[in-house]
S.K.: 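Mind having a look at this structure? Questions to follow.
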Amino acid sequence: MSPGKVLQPVLKMKVDELFLCWLSQPATQLTLKDCLRRIKNEDKAEISNGNSGKGKNEWLANKNSNSKQCVLGDTSLPLVSFSPQLSTALPLATSASSRNVSNVRATRRSSGTRVIQTKKEETLPPSLSQNIPTFYFPRGCPKEKVDIDAVIAKIERTFSEFPNERATLEDMGKVAKACECPLYWKGPLFYCAGGERTGYVSVHKFVAMWRKILQTCYDDAAKFVHLLMNPGCNYLVQEDFIPFLQDVVNSHPGLSFLKEASEFHSRYITTVIQRIFYTVNRSWSGKITCNELRKSNFLQNVALLEEEADINQLTEYFSYEHFYVIYCKFWELDTDHDLYIDRKDLARHNDHAISNRMIERIFSGAVTRGRKAQKDGKISYADFVWFLISEEDKKTPTSIEYWFRCMDLDGDGALSMYELEYFYEEQCQKLDNMAIEPLPFEDCLCQMLDLVKPQHEGKITLHDLKRCKLTNVFFDTFFNIEKYLDHEQKDQFSMLRDGESESQEISDWERYAAEEYDILVAEEAASDQWNDGYEAELNPVDHQKANVLKYQMEKRPFFEMPSHLADVDLDEYDYEEDFE
C-alpha cells in the first residue's frame with residue numbers, strides 16, 4: 001500500500017489550513033479587492049456597450065463613422081496610449097461570428113475607448129472586502145479585554161504565601177487556581193516554568209511565563225498545548241503527555257493504591273496516552289493540534305479529575321478498570337512477556353475469532369506505528385490498545401477508519417467487491433470447518449449493500465460506512481466469525497432498533513470493559529479461595545505488591561510479573577513515527 005494514499009486526508013486538512021491562512025493575509029485581501037473592482041468595471045462596460053438601445057443594424061451603420069473618428073479625431077491619442085490595457089479585455093469581446101477583420105479591429109478600438117472613459121468618469125463605491133474581519137485564529141479567538149495585570153497580581157499574592165516566594169509541585173494546585181485553571185494543570189504549569197530542573201518555581205519566572213501565555217493564547221486548548229509542547233512546535237506528541245499523566249498518577253486519590261507499584265505507572269500512562277490519541281487525534285498524524293484538542297472533550301475530562309474522586313467514572317480516558325482489562329488481555333497473549341506480540345499471539349485473541357487475512361493486514365502497517373516493530377513482525381502494547389478498542393466497538397469514527405484501512409487492500413479509498421470477497425472467503429472456510437453452510441457471497445453482498453446503502457454503485461467508501469448505523473455487523477461479517485454468528489442468530493429488527501438508538505448511555509466498549517472486569521474479579525475471587533492455605537509461603541514483598549495491584553485491595557492482581565519489567569520505561573516505545 002502506498003503511504004501517500006493513506007495520508008491523503010491529512011494532506012487535505014493541511015491544504016485547507018494553509019488556504020485559510022493565505023486568505024486572511026492583508027496582501028491577499030487587497031489583491032482580491034482589486035480584482036473584484038476590475039471585474040465589476042468590465043461587466044458594467046459590457047452592459048453599457050451591449051444594451052445601449054441601438055439595434056444591430058444601427059450599430060453596424062455607425063461603425064465606420066466611429067472608426068473614422070478614431071483615426072481623424074482627437075481620440076487617437078488615448079487609443080494609442082491605452083492599447084496595452086485593451087488587450088486584457090479582448091477575450092470578453094471576441095465572438096464566433098465571421099466578421100471582417102478590419103471591422104472587428106475598429107469595433108474593439110471604439111468599445112475600448114468607452115471602457116477607458118467609464119473608468120475615468122465613474123466613481124467606484126468602496127469595496128466591502130476591506131472590511132472582512134480576521135477569521136483564522138490558530139491560538140484561539142481573542143476575547144474581551146483581559147486584565148492581565150489583575151491576574152498577575154493574584155498570582156503574586158499566592159506566591160507570597162510560600163517560603164521565599166517559591167512554589168514546589170505540591171504547591172502548584174493553589175497556583176493553578178490563581179491562574180483560573182483546572183487543578184490538574186498544576187503539573188504542566190510547574191514543568192513549563194522550569195520547575196523540573198530546580199525542584200521549585202520562583203514567582204518572577206512563573207509570572208513571566210504566564211504573562212506570555214496570556215498575551216499569545218486565547219483559549220484553554222491553546223494554553224494547554226503551549227504548556228505541554230516542545231519548544232518550536234505547535235502540536236503535541238505522545239511523549240509530551242508523560243509528565244502531566246505522571247502527576248495525575250502521583251496525586252489523584254483514585255490512584256493512590258498504585259503509589260507502591262511504580263513499575264506499573266508506565267503501563268497505565270501508556271494506556272491513557274493511546275486512548276487520548278485514539279479519540280482526539282482525528283487526523284491519524286500522531287500530532288495533536290490546538291484545533292483537534294478544541295474539538296474534543298479531553299480538557300473537560302481533565303477538569304473532571306478534580307471533581308471525581310473515583311477515577312473509574314472517567315471512562316473515556318482515565319479509567320483504571322479499563323486499563324486493567326486491556327493490560328490483562330495483552331498479558332494473556334504476550335507469552336514471552338517482552339511487551340510485543342506477533343501474528344500467532346494476536347491470532348489467539350478471543351479463541352481465534354479474527355481471520356488470518358485481517359491479522360496480516362494489521363501487521364502490514366496499515367494501522368500500526370513503529371517501523372522497527374513492523375520489520376520484526378510484531379506490534380507493541382500501544383498498538384494493541386488501538387486494536388482492542390476498535391475490535392470491541394466498531395461504531396466510533398476512529399474504529400471505522402481503523403477497519404476501513406485494513407480492508408482497503410489497494411489504498412484507493414474505497415472497498416471494492418473484490419476486497420469484500422477476499423475477506424469473506426476465509427469466513428466461508430471457517431464455517432465449513434464448523435459444519436455450517438455458508439451464505440453464497442452474492443447473497444451476502446446483497447445484504448451488505450442493503451445494510452450500508454453506498455452512494456456509488458460497485459464500491460463502499462468511508463463516508464458510506466460512517467453514515468451506516470450497523471457498521472459493527474458489516475465488519476464482523478468479513479473478519480470476525482464469532483460475532484458474525486451472533487449477529488446471524490439475532491432478530492434483524494432488534495439489530496436495527498439497537499443501531500437507531502443514538503441515545504444509548506454507554507458505548508459498546510464501556511459495556512465490554514465492564515463485563516470483562518467483572519469476569520476477572522470473579523476469577524480472582526475463586527483463585528483466592530483455592531490459594532488460602534498457601535499465602536503464607538509467598539514472599540512478603542511479592543505478596544504486598546500483588547495486593548497493591550488489586551483495585552481497592554480486593555480486585556484481581558496482575559499475573560506474576562517477571563522482575564525485569566520494573567526496568568521497562570515508557571521511552572522504549574517508538575512514538576515518533578506517524579501512522580502510515
S.K.: Is Glu488 close to Leu439 at the side-chain level, that is, under 4.5 Å between some pair of heavy atoms?
M.R.: no
S.K.: Which pair of heavy atoms, one from Pro182 and one from Ala176, lies closest together, and at what distance?
M.R.: O-CB, 3.8 Å
S.K.: How far apart are the C-alpha atoms of Leu255 and Tyr268, what are their side-chain angles, what is the distance that settles it, and do they pass the side chain to side chain contact (heavy atoms under 4.5 Å, CB included) test?
M.R.: CA-CA 10 Å; Leu255 296 171; Tyr268 173 79; 3.8 Å; yes
S.K.: If you take all heavy atoms of Asn301 and Leu314, which pair is closest and at what distance?
M.R.: O-CD1, 4.2 Å
S.K.: Answer yes or no: is there an ion pair linking Glu316 with Arg275, defined by an N-O contact shorter than 4.0 Å?
M.R.: no
S.K.: Within 45° of the six-membered ring axis of Tyr422 and under 6.0 Å from that ring's centre, is NZ or CZ of Arg357 located there?
M.R.: yes
S.K.: Does atom NZ (Lys466) have a neighbourhood of more than 12 heavy atoms from anything else shown, all under 6.0 Å?
M.R.: yes
S.K.: Under 3.5 Å, is there a donor-acceptor pair between the side chain of Asp247 and the main chain of Pro243?
M.R.: no
S.K.: In sequence, state the C-alpha distance, the side-chain angles, and the governing distance for Lys287 and Cys233, and then conclude on side chain to side chain contact (heavy atoms under 4.5 Å, CB included).
M.R.: CA-CA 10 Å; Lys287 302 173 183 178; Cys233 299; over 6 Å; no
S.K.: Angle class for the Phe241/Phe224 ring planes (parallel below 30°, perpendicular above 60°, tilted otherwise)?
M.R.: tilted
S.K.: Given Ile269 and Val248, is the side chain to side chain contact (heavy atoms under 4.5 Å, CB included) satisfied, shown in steps?
M.R.: CA-CA 9 Å; Ile269 290 173; Val248 173; over 6 Å; no
S.K.: Charged N to carboxylate O below 4.0 Å: is that the case for Arg511 and Glu392?
M.R.: no
S.K.: When rounded to the nearest 0.5 angstrom, what is the spacing between CD1 in Ile341 and CD1 in Ile379?
M.R.: 4.0 Å
S.K.: What I'd like to find out is whether the side chain of Tyr512 reaches to under 4.5 Å of the side chain of Val325, using heavy atoms alone.
M.R.: yes
S.K.: For Glu196, look at atom CD and say whether over 12 heavy atoms of other residues, nucleotides or ligands are found less than 6.0 Å away.
M.R.: no
S.K.: Can you name the side chain to side chain donor-acceptor pair (under 3.5 Å) partners of Asp476, sequence neighbours left out?
M.R.: Lys394, His487
S.K.: Could you walk me through whether Lys483 and Glu391 pass the salt bridge (Lys or Arg N to Asp or Glu O under 4.0 Å) test, one step at a time?
M.R.: CA-CA 10 Å; Lys483 293 184 179 180; Glu391 165 59 20; 3.2 Å; yes
S.K.: Pick from Phe257, Phe264, Tyr517: which one makes a ring-ring contact (aromatic ring centres under 6.0 Å, His included) with Tyr320?
M.R.: Phe257
S.K.: Which pair of heavy atoms, one from Gln427 and one from Ser355, lies closest together, and at what distance?
M.R.: OE1-CB, 4.3 Å
S.K.: Does one side chain, of Ser283 or Glu292, offer a donor that lies under 3.5 Å from an acceptor on the other?
M.R.: yes
S.K.: Is the shortest side-chain heavy-atom distance between Asp16 and Leu20 below 4.5 Å?
M.R.: no
S.K.: Before giving the answer on ring pair (Phe, Tyr, Trp, His ring centres under 6.0 Å), spell out for Phe479 and Phe423 the whole-Å C-alpha distance, their side-chain angles and the decisive distance to 0.1 Å.
M.R.: CA-CA 6 Å; Phe479 56 80; Phe423 288 101; 7.1 Å; no
S.K.: Output, in order, the C-alpha distance, side-chain angles, deciding distance and verdict of salt bridge (Lys or Arg N to Asp or Glu O under 4.0 Å) for Asp338 and Lys378.
M.R.: CA-CA 11 Å; Asp338 63 347; Lys378 296 183 178 181; 3.3 Å; yes
S.K.: Checking the side chain of His265 only, and the main-chain atoms of Gln246 only, is there a donor and an acceptor separated by less than 3.5 Å?
M.R.: no
S.K.: Counting heavy atoms not belonging to Tyr278, are there more than 12 under 6.0 Å from its OH?
M.R.: yes
S.K.: Among residues at least two apart in sequence or on other chains, which ones pass ring-ring contact (aromatic ring centres under 6.0 Å, His included) with Phe318?
M.R.: none
S.K.: Would you say the side chain of Pro454 lies within less than 4.5 Å of the side chain of Leu449, judging by non-hydrogen atoms?
M.R.: yes
S.K.: What are the two closest heavy atoms between Thr471 and Leu465, and how far apart are they?
M.R.: CG2-O, 2.8 Å
S.K.: Would the distance check show the side chain of Asp240 and the main-chain N or O of Val237 forming a donor-acceptor pair, the cut-off being under 3.5 Å?
M.R.: yes
S.K.: Which heavy-atom pair separates Phe441 from Leu420 by the least distance, and what is that distance?
M.R.: CE1-C, 3.8 Å
S.K.: Which atom names give the shortest non-hydrogen contact between Ala222 and Cys290, and what distance separates them?
M.R.: CA-SG, 3.8 Å
S.K.: Are any side-chain N or O atoms of Glu419 and backbone N or O atoms of Ser416, one a donor and one an acceptor, separated by less than 3.5 Å?
M.R.: yes
S.K.: Atom NZ of residue position Lys459 - does it have more than 12 heavy atoms of other residues, nucleotides or ligands inside 6.0 Å?
M.R.: no
S.K.: For Glu515, is there any backbone N or O sitting under 3.5 Å from a side-chain donor or acceptor partner on Asp518?
M.R.: no
S.K.: Is the closest side-chain heavy-atom distance between Phe330 and Leu339 below 4.5 Å?
M.R.: yes
S.K.: Using a 3.5 Å distance criterion without hydrogens, assess whether the side chain of Arg361 forms a donor-acceptor pair with backbone atoms of Ala366.
M.R.: no
S.K.: Would you mind reporting whether Phe474 and Asp464 have side-chain heavy atoms less than 4.5 Å apart?
M.R.: no
S.K.: Please check: side-chain N/O of Asp342 versus main-chain N/O of Gly377, any donor-acceptor pairing under 3.5 Å?
M.R.: no
S.K.: Evaluate ring pair (Phe, Tyr, Trp, His ring centres under 6.0 Å) for Tyr327 paired with Tyr381, printing each intermediate quantity in order.
M.R.: CA-CA 8 Å; Tyr327 195 78; Tyr381 170 68; 5.4 Å; yes
S.K.: Between Leu293 and Leu299, is any pair of side-chain heavy atoms under 4.5 Å apart?
M.R.: yes
S.K.: Do Ser399 side-chain atoms and Thr396 backbone N/O form a donor-acceptor pair below 3.5 Å?
M.R.: yes
S.K.: Could you go step by step and tell me if Leu431 and Ile481 meet the side chain to side chain contact (heavy atoms under 4.5 Å, CB included) rule?
M.R.: CA-CA 8 Å; Leu431 291 173; Ile481 192 66; 3.6 Å; yes
S.K.: Would you say the side chain of Leu415 lies within less than 4.5 Å of the side chain of Phe404, judging by non-hydrogen atoms?
M.R.: yes
S.K.: Among Trp403, Trp284, Phe277, which residue meets the ring-ring contact (aromatic ring centres under 6.0 Å, His included) test with Trp386?
M.R.: Trp284
S.K.: Would you say Asp408's side chain and Arg405's backbone share a donor-acceptor pair under 3.5 angstrom?
M.R.: no
S.K.: Do you know which of Val385, Leu388, Asp334 makes side chain to side chain contact (heavy atoms under 4.5 Å, CB included) with Lys329?
M.R.: Leu388
S.K.: Can you tell me how the ring of His349 sits relative to the ring of Phe384, calling it parallel under 30°, perpendicular over 60° and tilted otherwise?
M.R.: perpendicular
S.K.: Check this for me, if you would: do Arg282 and Glu401 make a salt bridge, where the nitrogen-to-carboxylate-oxygen distance has to be below 4.0 angstrom?
M.R.: yes
S.K.: Checking Arg267 against Trp331: charged group under 6.0 Å from the ring centre and within 45 degrees of the axis?
M.R.: no
S.K.: So, does Ser24 use its side chain to make a donor-acceptor pair with the main chain of Cys21 at under 3.5 Å?
M.R.: yes
S.K.: Less than 3.5 Å apart, any donor N or O on the side chain of Tyr317 or Asn297 sitting next to an acceptor on the other?
M.R.: yes
S.K.: Using the salt bridge (Lys or Arg N to Asp or Glu O under 4.0 Å) rule, collect all pairs that involve residues 435-457, keeping only residues at least two apart or in two chains.
M.R.: none
